[in-house]
Amino acid sequence: MPSLTGLPLQLIAIVLAVLVFAATMWLWPRLGGRGWRAWLGRIGAFLATQVAVLVAMGLVANSYFGFYSTWSDLLGLDGSPGTVVDHQPGAKAVKVVGEQKMYSSQGSVQERSGLIQKVEIRGAGTGLTGTPAYVYLPPQYFQPAYAETRFPMLLALSGYPGTPEKLISLLQYPASTLKAIEAQEMPPTVLVMMRPTLVGNRDTECMDVPGGPQVETFFTEDLPKAMAGSYRIDDRPESRAVIGDSTGGYCAVKFAVRKPDSYRSAISLSGYYEVHNDPTTGDLFGGSDQVKQDNDLLWRLRNHPAPPVSLLLATSHNEENYPATQEMVAAFKAPTRVSTITLDSGGHNFHTWTREIPPALTWLGQRLGKPAPAA
């Protein structure tokens, strides 16, 4: 069966839509009678055209926005709650399952542009597995001058629903990161790209769900340890940062605000600042108002001691999160530092986020710890 997000299926659907439309136009004069057969023929031709066009448009939109990544995802067949995997001592925390080269017109691809690895990241503490995930290693990672260097790490999270592949193809994180490194706007950095959910199709909002998956712990404890143990990653919190759009933006700010020893810099692109239960999340709070309040980021800024982190909040004047972003700016206290990107116009979409990512990486370059000698 062709991939749900693949180009061949989209082309087939578009061609079929064109053929159905052409057949309808050709048959329409023959269906011009007054009898019930003519009426049924016209209705059938009309519906067939509408369905064909909508299917083609739906497949293109799904591929662009990443709503459903597989057929089982679309049909709701991936509803299992997930499996806890117990790992033996010495088992690899990061398993490389594929590689994707960054293309370059001259010289060694690996040396000039870096390398993207498809990986599975296993959480030693939570038993959760992040898959699929992608790791971008910058060209400096392979250069002899950096052979004894440990690099800073940037975690990039998609929205929900979403796929990490879109972080590469549409948001172009590896290409933007490489460009910022070459312009000396940020230090050579290892990039980790993932979805914010780890348990089937459940939108956990990156929470440690009472009696359920400990997703926040995976991203704030398991992931940094796994990366530092498998790659030359600097394990200091000031050398780790996180960026995300929509749900990923909420997760990014939450990790920094709630767990400042995990990430000292966080960037939210069109993110929100509080979460609620809905059919995609299930019960996130275990019936506890305190748990819900503790994951309300605006409430935390107002009522908890200020963490020593840097936050960048991106929005636009016509985004839904604009008023809440203004409240976040008004609520922070030192030593927390807050910066904003406010576009004149922009919606909750990839086009808006691609306008915000380059200046966000430049901002991050001024705060992210520089590569350090290996211990």
**Asked** Just by distance, do the side chain of Thr220 and the backbone of Ser262 share a donor-acceptor pair under 3.5 Å?
**Response** no

**Asked** Looking only at heavy atoms, which two atoms of Pro359 and Ile341 are closest? And how far apart?
**Response** CG-CD1, 4.0 Å

**Asked** Do Pro224 and Arg240 have side-chain heavy atoms sitting under 4.5 Å apart?
**Response** yes

**Message:** Does Lys259, at its NZ atom, have more than 12 non-hydrogen atoms belonging to other residues, nucleotides or ligands within less than 6.0 Å?
**Reply:** yes

**Prompt:** So, the side chain of Asp203 versus the backbone of Pro161: is there a donor-acceptor pair under 3.5 Å, distance only?
**Reply:** no

**Donor-acceptor pair, side chain of Lys166 and main chain of Phe350, under 3.5 angstrom** = no

**Asked** Are side-chain N/O atoms of Tyr231 and Gln117 paired as donor and acceptor at under 3.5 Å?
**Response** yes

**Request:** Please answer whether the main-chain N or O of Gly162 pairs with a side-chain N or O of Arg195 as donor and acceptor at a distance below 3.5 Å.
**Result:** yes

**Request:** Work out which heavy atom in Arg337 is nearest to a heavy atom in Ser310; give both atom names and the distance.
**Result:** NH2-OG, 3.1 Å

**Prompt:** About how many Å separate CD of Glu221 and CD of Gln214, when rounded to the nearest 0.5 Å?
**Reply:** 10.0 Å

**Request:** Decide if atom CG of Asp289 counts as having more than 12 heavy atoms of other residues, nucleotides or ligands within a radius under 6.0 Å.
**Result:** no

**Prompt:** With side chains defined as the heavy atoms from C-beta onward, is the minimum distance between Pro132 and Pro164 less than 4.5 Å?
**Reply:** yes

**Request:** Quick one: do Asn321 and Thr315 satisfy side-chain hydrogen bond (donor to acceptor under 3.5 Å, both in side chains)? Show the steps, please.
**Result:** CA-CA 7 Å; Asn321 76 333; Thr315 184; 2.6 Å; yes

**Prompt:** Taking 4.0 angstrom as the limit, do Arg302 and Glu327 come out as a salt bridge?
**Reply:** yes

**Item:** Full working for side-chain hydrogen bond (donor to acceptor under 3.5 Å, both in side chains) between Ser265 and Arg367
**Value:** CA-CA 7 Å; Ser265 300; Arg367 290 156 178 82; over 6 Å; no

**Asked** Other than Val309, what residues sit in its cluster of Ile, Leu, Val, Met, Phe, Trp and Tyr side chains whose heavy atoms are under 4.5 Å apart, directly or through others?
**Response** Met207, Val209, Tyr250, Val253, Val257, Tyr272, Tyr273, Val275, Leu284, Phe285, Val291, Leu297, Leu298, Leu301, Leu311, Leu313, Met328, Val329, Phe332, Val338

**Message:** Tell me if the centroids of the rings in Phe219 and Phe255 come within less than 6.0 Å of each other.
**Reply:** yes

**Asked** Under 3.5 Å, side chain of Thr177 to main-chain N/O of Tyr173, donor-acceptor pair present?
**Response** yes

**Prompt:** Is it true that a side-chain atom of Arg232 and a backbone atom of Thr149 form a donor plus acceptor pair closer than 3.5 Å?
**Reply:** yes

**Request:** Take Tyr134 and Glu165 through the side-chain hydrogen bond (donor to acceptor under 3.5 Å, both in side chains) test and state the conclusion after the steps.
**Result:** CA-CA 8 Å; Tyr134 294 87; Glu165 290 81 6; 2.8 Å; yes

**Prompt:** Where is the tightest heavy-atom contact between Ile121 and Ala226, given as atom of each residue plus distance?
**Reply:** CG2-CB, 3.9 Å

**Asked** When hydrophobic residues are tied together by side-chain contacts of less than 4.5 Å, even through go-betweens, does Tyr322 share a cluster with Ile267?
**Response** no

**Request:** Mind checking the CD-CG spacing from Glu356 to Leu361? Nearest 0.5 Å is all I need.
**Result:** 11.5 Å

**Message:** Any heavy-atom pair between the side chains of Glu185 and Trp363 that's under 4.5 Å?
**Reply:** no

**Asked** Quick check: does any side chain N or O of Asp245 sit under 3.5 Å from a backbone N or O of Gly248, one acting as donor and the other as acceptor?
**Response** no

**Asked** Hey, are the side chains of Val135 and Ile116 touching, using non-hydrogen atoms and a 4.5 Å cut-off?
**Response** no

**Message:** Closer than 3.5 angstrom, by distance alone: can the side chain of Thr131 be matched with the main-chain N or O of Glu120 as a donor-acceptor pair?
**Reply:** no

**Asked** Do Asp234 and Met153 touch side chain to side chain, with heavy atoms closer than 4.5 Å?
**Response** no

**Of all pairs that satisfy disulfide (SG to SG under 2.5 Å), the ones with a partner from residues 216-310, not counting sequence neighbours** = Cys206-Cys251

Under 3.5 Å, which donor-acceptor pairs link side chains of residues 44-59 to any protein atom two or more places apart or in another chain?
residue	atom	partner	partner atom	Å
Thr49	OG1	Thr24	OG1	2.8
Thr49	OG1	Ala45	O	2.9

**Request:** May I ask you to decide if the ring planes of Tyr141 and Phe151 are parallel, tilted or perpendicular, using 30° and 60° as cut-offs?
**Result:** tilted

**Request:** Consider only side-chain heavy atoms of I, L, V, M, F, W and Y, link residues closer than 4.5 Å, and tell whether Val96 and Leu155 are in one cluster.
**Result:** yes

**Request:** Heavy atoms only: give me the nearest Ala256-Ala266 pair and the separation to one decimal.
**Result:** CB-CB, 3.7 Å

**Asked** Under 3.5 Å, is there a donor-acceptor pair between the side chain of Thr362 and the main chain of Pro358?
**Response** yes

**Request:** Give a yes or no on whether the backbone of Leu128 and the side-chain of Thr126 come within a donor-acceptor separation of less than 3.5 Å.
**Result:** yes

**Message:** Are Tyr160 and Leu171 linked, directly or through intermediate hydrophobic residues, by side-chain heavy-atom contacts shorter than 4.5 Å (ILVMFWY only)?
**Reply:** no

**Message:** Just to verify, which of Leu364, Leu154, Leu167 counts as forming a side chain to side chain contact (heavy atoms under 4.5 Å, CB included) with Ile243?
**Reply:** Leu154

**Request:** Please examine the side chains of Ser239 and Lys370, heavy atoms only from C-beta on, and report whether any two atoms are closer than 4.5 Å.
**Result:** no

**Message:** Between the side chains of Arg258 and Glu216, is the shortest nitrogen-to-carboxylate-oxygen separation below 4.0 Å, so that they form an ion pair?
**Reply:** yes

**Prompt:** If you draw a 6.0 Å radius around NZ in Lys179, do more than 12 non-hydrogen atoms from other residues or ligands fall strictly inside?
**Reply:** no

**Request:** Assess the side chains of His317 and Thr342: does a donor N or O sit below 3.5 Å from an acceptor N or O?
**Result:** no

